[in-house]
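Here is the structure we will look at, set down as structure tokens.
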Amino acid sequence: AQSVTQPDIHITVSEGASLELRCNYSYGATPYLFWYVQSPGQGLQLLLKYFSGDTLVQGIKGFEAEFKRSQSSFNLRKPSVHWSDAAEYFCAVNGAGSYQLTFGKGTKLSVIP
Amino acid sequence: NAGVTQTPKFQVLKTGQSMTLQCAQDMNHNSMYWYRQDPGMGLRLIYYSASEGTTDKGEVPNGYNVSRLNKREFSLRLESAAPSQTSVYFCATRNDRGRQETQYFGPGTRLLVL
């Protein structure tokens, strides 16, 4: 069975500081990995995705993520956080031909001005 | 081009009442999905439809039914609402051609069952 673990429920960072959100996955085949962001009261917006190839993927809003197969991880990073990045972030996994996208429980990011 | 739309945005029900949540997409995607989101639980798949005319259960299907009316529309029905079904419901679609495995989400329906 596929699963996603986001170990940090809530993270607080100062504006301008760097950010890393952790994601570990379990999947029996080659995974497709995603990061979504959800602002309060809104739907989910795709930040970035990894299917294959270069293990460092770039997304919108200055985010990037690195796929590390040996660690079953897909951590999200941003070099300098803005107050508008405060939101909840979800990591998700599925694979080729799979209809079921499995989400982690989310990490809430708070940004101190 | 509205993407994925959901109606209503917010609904209050009494225990035992029924209602249908509507989802429509103009993205010409084949597969559609219903999720529920509860605090601390992430998103959990209720039902999905790989194509028009087919539906399958997800992780938490009990208490729900779905209809894939046509390629554009996928509805979720609560026949007899329970307080445990208080949640935020999201519809999503996916383009299954090539390697377009990404799901796109609607804005959500917030449901309160008293």
Side-chain angles (χ1 to χ4, degrees), chain A residues 1-10 21-27 29-54 57 59-60 65 74 87-108, chain B residues 2-7 9-10 21 23 25 27 29-51 54-61 66 68 74 87-110:
Chain A
Q2 58 200 61
S3 66
V4 176
T5 301
Q6 294 180 246
D8 303 305
I9 296 173
H10 190 185
L21 302 182
R22 295 182 291 165
C23 171
N24 292 97
Y25 69 90
S26 174
Y27 193 76
T30 301
Y32 293 167
L33 294 155
F34 306 83
W35 275 99
Y36 286 86
V37 61
Q38 183 181 34
S39 298
Q42 303 297 312
L44 276 75
Q45 181 183 20
L46 180 70
L47 280 177
L48 48 78
K49 58 190 177 185
Y50 171 79
F51 289 162
S52 67
D54 192 346
V57 294
I60 62 171
F74 188 57
E88 191 157 18
Y89 292 79
F90 293 93
C91 182
V93 66
N94 73 357
S98 170
Y99 289 99
Q100 300 221 20
L101 184 61
T102 299
F103 285 86
K105 295 184 178 180
T107 297
K108 183 176 180 181
Chain B
V4 182
T5 57
Q6 294 183 235
T7 55
K9 287 186 170 57
F10 181 71
L21 283 66
C23 174
Q25 52 112 352
M27 305 176 79
H29 288 174
N30 294 323
S31 57
M32 299 184 73
Y33 307 78
W34 276 107
Y35 292 89
R36 60 177 289 171
Q37 183 181 31
D38 303 292
M41 299 294 292
L43 278 80
R44 293 180 292 169
L45 183 65
I46 304 171
Y47 271 94
Y48 68 97
S49 170
S51 60
T54 68
T55 61
D56 284 285
K57 295 178 181 179
E59 181 184 354
V60 289
V66 291
R68 182 74 182 267
F74 188 37
S87 188
V88 182
Y89 292 86
F90 289 99
C91 177
T93 72
R94 189 179 81 170
N95 182 352
D96 301 317
R97 297 190 188 89
R99 298 180 62 201
Q100 300 298 321
E101 307 282 352
T102 305
Q103 291 191 16
Y104 297 89
F105 287 80
T109 293
R110 284 149 184 78

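Predicted model, so just to flag it, every value in this text is computed and none were measured. Numbered from 1 within each chain, the chains take letters A, B, ... in sequence-line order.
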(request) Could you verify whether a donor N or O on one side chain and an acceptor N or O on the other, from A/Q2 and A/T102, lie under 3.5 Å apart? (result) yes
(message) Under 4.5 Å from any heavy atom of chain A, what part of B/L45 do you find: side chain, backbone, both or neither?
(response) side chain
(message) As an exercise, state the distance from CZ of B/F105 to SG of B/C23, rounded to the nearest 0.5 Å.
(response) 11.0 Å
(request) Return the orientation label for the A/Y99 and B/Y48 ring planes: parallel under 30°, perpendicular over 60°, tilted otherwise. (result) parallel
(message) Using heavy-atom distances under 4.5 Å, tell me whether B/R110 contacts chain A through its side chain, its backbone, both, or neither.
(response) side chain
(message) Tell me whether the count of non-hydrogen atoms from other residues, nucleotides or ligands lying under 6.0 Å of CD1 in A/I60 goes above 12.
(response) yes
(message) Please classify the contact of A/L46 with chain B as side chain, backbone, both or neither, using a heavy-atom distance under 4.5 Å.
(response) side chain
(message) Over 60° means perpendicular and under 30° means parallel, so tell me whether A/F103 and B/Y35 are parallel, tilted or perpendicular.
(response) perpendicular
(message) Do B/S51 and B/N30 pair up side chain to side chain, a donor and an acceptor below 3.5 Å, judged on atom types alone?
(response) no
(message) At a 4.5 Å cut-off on heavy atoms, which part of A/Q6 comes close to chain B: side chain, backbone, both, or neither?
(response) neither
(request) Please look at B/Q37 and chain A and tell me whether the side chain, the backbone, both or neither of the residue comes under 4.5 angstrom of a heavy atom of that chain. (result) side chain
(request) Find the one option among A/K105, A/Q42, A/E88 whose heavy-atom pairs under 4.5 Å with chain B are most numerous. (result) A/K105
(request) Flag the one option from B/A92, B/G58, B/G106, B/G40 with the top tally of heavy-atom pairs under 4.5 Å to chain A. (result) B/G40
